[in-house]
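All values below come from the heavy atoms of this structure, side chains included, with hydrogens, waters and symmetry mates left out. By convention in this document, chain letters (A, B, ...) are assigned in the order of the sequence lines, proteins followed by strands, and residues within each chain are numbered from 1.
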Amino acid sequence: MIVSSRAPTFISKDSLALICFGVICVYLVLALLSSFGVIGVDYATTRLQLSYSAPSASHWFGTDFLGRDVFARVLHGTQVAVLVGFFAASISTTLGLMLGALAGYFGGWVDDLVTWLYATLESIPYILLISAFAFSLGQGLSNLYLALGLTGWVKMCRLTRGEFLKHKNLDYVVAAEAVGASHWTRIFKHITPNVLHIAYIQYSLTFIHAIKVEVILSYLGLGVEPGTPSWGVMINDAKSELSRGVWWNLAAATLFMFVLVLAVNIFTDRMGKALDPKSRASNFEV
Amino acid sequence: MKTVIFQAISLMFILLACTPKASKKTNTITAYLEANVPHLDPIHSTSKYSSVINANIFEGLYHYHYLKRPITVQPKLADGLPQILNNGKTYIVKIKRNVHFHDDPAFPNNRGRELTAYDFIYSWKRLADPKLKALGWWVLDGLIEGLNDWRDKVRSGQANYETPVAGLTALDKYTLQIKLSRQSFQFLHYLSMPPTMVVAKEVVQKYGKEIINHPIGTGPYVLKKWQRNSEIILSKNPKYHKVLYPTIGEDQDKSKGLLKYAGQRLPLMNEVRVRIITEKQPLWLAFLKGDLDFGTIPKDNFEQVFQNNQLTKEFADKGLRIHSQKSPDVTIIAFNMEHPILGKNKSLRKALAAAIDKKTILEKFYNSRGIVAEGPIPPTIYGYDPEYKNPIQHDKTLAKQYLADAGYEGGKDLPVFNYEMANNSTWARQYGEVLKDQWAQLGVKIKLNVNTWPQFDKKIKTKKATIFDMAWMADYPDSQNFLQLFYSKNISPGPNNFNYINRKYDQIYEQAVVLPPGAERQALFKKLIDIINEDVPGVFIIHRLYRYPFHSWLENYKPYPIIYDYYQYLSVDEDKKAAHR
């Protein structure tokens, strides 16, 4: 039985992991509802006469400079964050998994090429690299997914390569070869399922990393298009608002980001333990 | 013995520590720029940032009086006002004697040579030289007899700097004769602008392409240090010719202490340290800390500083001062008239104009610093009419009606228009978002595109921008400078960024510009403004009012947007500054 398939059983017995999973689900639901226009509908409506209204019953998190409801904007920011996390993590995990598998399995010049590629990317400071990508691709959500996905695959690739190097000579793979399994069958049918637990963990880590980087890029003005609500844009706006006592824009964006990042972080950590046979033995009753 | 020596040394340190510290006089002005200066060559000086530095290193024949308002032209390197002959087409200008260029290795024995009339002929040929692609060429384009021909011949290799230009003659070493191809009542203003400032041939020849990094002029300051994107330090020109602080100004200038240094030789201070700070908040904090002698107030801090038309007690107690000045400018939402839909449909443009709530924009984005623009001519400029009203005022119902008249009721069948932003600042983004929302209420959709300044400029100059935000600051105090923005011969890459072409407008404009200031000229300018407001190639939004904050220790601070050579007039009360720090 593949180790990762047993993880849900272990997670279901971990209350902290369950709470975090619940929080993540809430964020996903909020993102879905805001994207279908069920909640936070008037996030773009400007009411300049209500500029910088403090939190109240009608505006829970106050209003921004243009009189827009901060709560509605922070909800839509959730949608941006979840989308960015999902697509960026999907692109980088897939890319890293594929390249790492090819490099680890085939070795030789394929390994040299992939190793050279990720070593080169890794040698460039990340913020510079991502800024260069974001600047070349231009603003916009889809470009942001690409920029984050194309720069975030290195760690996944290195880990997968290591696992494939180890697994390709194990008995079950040699046996598969002996019964005539092709290279691709061995890679995708036999080895990949046994290294997928790394992909799960790495996916979660990349997910929160992408959210954080989106905030940084939007803060630097390289992220989402103007008019799209994003936590990074809200924090960027807040830098000049704080001096006049307008704290709610910053507080709302930071709070929403903090809770999501914390929940995903803890959940990933518990998942890692659940998927690791050694720590599983000590932390869970099997 | 060792103990005695130790005690003596200790006593010496104690005495030194107890000695009152003499306040160190820095004799320095600490200024700022909000943008980087890419090069220091007067022929490329078209932005206010490079103009400020250039105008304190280089000089032209004329400049603006520091204190008089409305601003007036007065001699700088010219020895008096010109003699004007031949029905206003010939100018005879005497050049001041004993004016020397800054000392530099380009000159024999490193000693700056004396300025002559030949230097102006060389400098203006340089401005016209097609190989140099001078950004300031428009100032003399088509104005001086034979200069455009010389430019064409240089382009085709038939002329060089030795080839004479009919309109530029040095009658002797100190007398310059300029023949114009047409009358120009703005000519002295042109001679006050940075692009016509004088450079030395030897310096250009020594440094070649590197001349943009070696500014050598005749001005009050020499470049001491230039750390790109960070700091520029100017030090006093020890051989600066005799220029005195003005002895007259506006009525209230004396009571404000602006005539304290009347008649004294300039520059008043030894050094100017110009810090380049592009972000508004760090600039504001540096100013409050006393690291800058004058600054600017970010919109989010304005109400803390200024309420009920005066400084708040908190900031008044801190010793802050404010100089208020109506700016000779207009902000515009511009439409590209070559756009196949927007440019061809006047009712659509009228709908967009009527949908913009200028009063709210003025209140929220400018902290009510300014007035709503009714046309292109701002206050303080000759020709401004405070009674004039734009026929299209903010009215949502009327805007919807215009849109229906345009054939796009409720925005149906209209494409999404691109709105170009000149930068990625919070201010620019929020401004775009307000327009987006105000037009969305009408049914018109726009997409906000962020650009860097070069991208933005390129889109405009290549006619790729559909709708964009721009501001036009007077180059000289005359309505013509604003009305030329709509003259068809000036379409992009010229200053007519709207690409507006109207034969009737052109005819009236050509009649008006050759008339002397007066009622007849004014009546023609009024007709031009009516035509623009009817055709709506752009929406005039605001004429800004600047509130310049400065510390009480800074003396003689009376900024005006197009007076660039002002560092030389400033002085610092060192004791007051030291007390603050």
Which region of Glu279(B), side chain (C-beta onward) or backbone (N, CA, C, O), has a non-hydrogen atom less than 4.5 Å from a non-hydrogen atom of chain A, or is it both or neither?
side chain
Should we say atom NZ of Lys299(B) is surrounded by more than 12 heavy atoms from elsewhere, each under 6.0 Å from it?
yes
Please check if atom CD in Glu409(B) has more than 12 non-hydrogen atoms from other residues, nucleotides or ligands closer than 6.0 Å.
no
Are any of the side-chain heavy atoms of Thr46(A) and Glu433(B) separated by less than 4.5 Å?
no
Closest heavy-atom contact between Pro226(A) and Lys436(B)?
O-NZ, 4.4 Å
Check: Phe365(B) and Phe65(A) side chains under 4.5 Å, non-hydrogen atoms:
yes
Count the heavy atoms belonging to other residues, nucleotides or ligands that lie under 6.0 Å from OH of Tyr366(B), then report whether that count exceeds 12.
yes
Could you tell me which non-hydrogen atom of Asp437(B) sits nearest to which non-hydrogen atom of Thr45(A), and how far apart they are?
OD1-CA, 4.1 Å
Tell me if the NZ atom of Lys461(B) is crowded by more than 12 foreign heavy atoms within 6.0 Å.
yes
Are side-chain heavy atoms of Arg429(B) and Val233(A) found at a separation under 4.5 Å?
yes
Does NZ belonging to Lys364(B) count more than 12 external heavy atoms closer than 6.0 Å?
yes
Within the supplied structure, the quantity of interest is the number of heavy atoms (other residues, nucleotides, ligands) at a distance under 6.0 Å from Glu303(B) CD; does it exceed 12?
no
Using non-hydrogen atoms only, which part of Glu241(A) is less than 4.5 Å away from chain B: side chain, backbone, both, or neither?
both
Chain A heavy atoms under 4.5 Å from Gln281(B): which part of the residue, side chain, backbone, both or neither?
side chain
Over 12 non-hydrogen atoms of neighbours within 6.0 angstrom of CZ in Phe21(A):
no
Heavy-atom proximity to chain B below 4.5 Å, by part of Leu48(A):
both
